[in-house]
Amino acid sequence: MRASRFFLNTQKEAPQEAELISHRLMLRAGLIKRLGSGLYTWMPLGLRVLRKVEAIVREEMNNAGALELLMPAVQPKELWEETGRWAVFGPQMLKIKDRHDRDFCFGPTHEEVITDLARREIKSYKQLPLNFYQVQTKFRDEIRPRFGVMRAREFLMKDAYSFHTDLTSLEQTYETMYQAYSNVFTRLGLKFRAVRADTGAIGGDGSHEFHVLADSGEDALAYCPTSDYAANVELAEGLPTVSVRPAATEAMHEVETPKQTTCEQVAALLGIDVTRTVKSIALVANGKFYLLLLRGDHSLNEIKVGKIDGLQDFRFASEEEIRTHLNCPPGFIGPVAVSQNVIIVADKTVAVMSDFVCGANKPKYHLAGVNFGRDLPEALVVADIRNVVTGDPSPDGKGTLELCRGIEVGHIFQLRTKYAQAMEATYLDENGQKQIMEMGCYGIGVSRIVGAAIEQGNDERGIIFPASMAPFQVAIAPIGFDKSEEVKAEALHLYKQLQELGVDVLLDDRGERPGVMFAEMELMGIPHRVVIGERGLKESTVEYQGRTDASAQTVGLKDIVSKLQSVL
RNA sequence: CGGGGCGUAGCGCAGCCUGGUAGCGUACUUGCAUGGGGUGCAAGGGGUCGCAAGUUCAAAUCUUGCCGUCCCGACCA
């Protein structure tokens, strides 16, 4: 590509709408333009990147035996009512009407459409297993779009759906897809991690997320450096560091805490570690009042709470409700001597604590030396309701957990029969009997990957694209292209040679000053640069510099092609 | 949806408090110079000051309402 015939428009300053580094760089490099909240045009430069990601995803899907198809983006309401998700997805779904006043949505995902297809087209066990995929624009009316293409409302997704006669077959394809996803992210040159995950709104059983590791990621991940355990913090099991509760050594006693309402403050006042304290969180669900107990330094995991029987639709109690049930304002509440109507749920770690400090249900007082069995009954429910922290035991018993942050770019699910059952997707088995299909589904956020990659690869000069997704592999920067016939001739010659070798090359033939060319090439993240100038040509040399190299190296004019081939 | 910003030229901003000729940087156009890190000088083009009502002789500026957009929380590829 010759720069004079392309559309480059880089900017020195990023629009104030962008906060995140990858978003700013995408706007500055001219990869994308915003049309509205969460809506972006992929400019020619950005689209080259997106297409490269897409191509790798396609190749790996095809290698994994998946078959590409393309479903409509617009879907009829009736299908969504069959699975009950017209209501479940709610306002996150963009709902539209046609001229006959019939309801449709712009697809946020395609389980319903593909399951409808499967029930119509798949008749026999002989046709299974099957795995269909598409690369398509999705629309989700996010509560808060942000971070540019990382959480856009309209975005490009690869979604695959597999159909099986039985769980074993599903597990095989799931494993194949797990490997295919690992291949995709490896080939893309990203630092990533696969973690066990919660299934969320999609539903189903087994599930893994693939995360690009980045400090700005929205998800917290827990992993064990000495084993292969890794899980989203939403799911990672929080275990106590001790298995047996130590014996009580203190008598329960009141301590005055006039202004101390948080565990940190109370611990500071008493001169003890915050891990000796217990905090009480009041919830209401189905008209019942719950008191959840967490160690002072731990935080509540609302997803885990929602999985406890009776707490599916919980909400935090209001101040009035807390006063009504505990006869005490928030800040001093605790589990000791509470009414029968208060249901105590203790985190597993709290359940093995002794001699702890908690609220006294009396304004300006806490209790110390509190012990289960003696000062209060054993908790009715003991469950894992907290977020894991660094140093927790790994659930596989092979070490301790570390935390990091990630950007979710892929998610695979064993859906089992959730959709097939609801929509009666059946096949005939060897005995001519109708059977419900087993299903899997597998998503990759193609457009999100571009943002995530930039989040992982950038410096003060701009984007550092992995070679696999850079808009151009090589940039040629001729100094004085419009002035020196010699420079022009050599630049065009190299350009032609590289093109013939199939290299994606950008020739800056605009006659720009070197500073401009260098700054733009670096901002755009082009991995390799060749500088051709009269100065070097006198010695029959040019300069080569990799995007992350500290300085340029002089290369003989006759050697530059092989030099490039060695680094590409 | 709750909390907090911001809307003035393509982009970044000043002007608003204290009403009276719409400004700066950059980008763009042209000329000259320059030619190895967003070069210099000069001359240009480009704005219904988010929208609508109101106050006023007069509104970018004051008042009210609306809209858009970004940031912090709950949703997700």
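So you know, we letter chains A, B, ... as the sequences are listed, proteins then strands, and number each from 1.
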Counting only side-chain N and O atoms of A:T109, is one of them less than 4.0 Å from OP1 or OP2 of B:A77? no
Can you check whether A:K158 has a side-chain N or O nearer than 4.0 Å to OP1 or OP2 of B:A77? no
B:C76 base / A:R144 side chain donor-acceptor hit below 3.5 Å: no
Tell me which nucleotide among B:G38, B:G36, B:G10 gets nearest to the side chain of A:V531. B:G36
Just to confirm, is there a sub-4.0 Å distance from OP1 or OP2 of B:C72 to any side-chain nitrogen or oxygen of A:R146? yes
Distance in angstrom units between A:R153 CZ and B:G68 C1', rounded: 12 Å
Roughly, in whole Å, what's the span from CG in A:L20 to P in B:C72? 9 Å
Looking just at side-chain N and O atoms, do A:Q545 and A:R529 make a donor-acceptor pair shorter than 3.5 Å? yes
Side chain of A:R529 only, please: which of B:C71, B:G38, B:G37 is the nearest? B:G37
Between B:C75 and A:R151, is there an OP1 or OP2 to side-chain N/O distance shorter than 4.0 Å? no
Residue A:E543, side-chain atoms from C-beta onward, closest of B:G36, B:C75, B:U69: B:G36
Does B:C11 have its OP1 or OP2 closer than 4.0 Å to a side-chain nitrogen or oxygen of A:R34? no
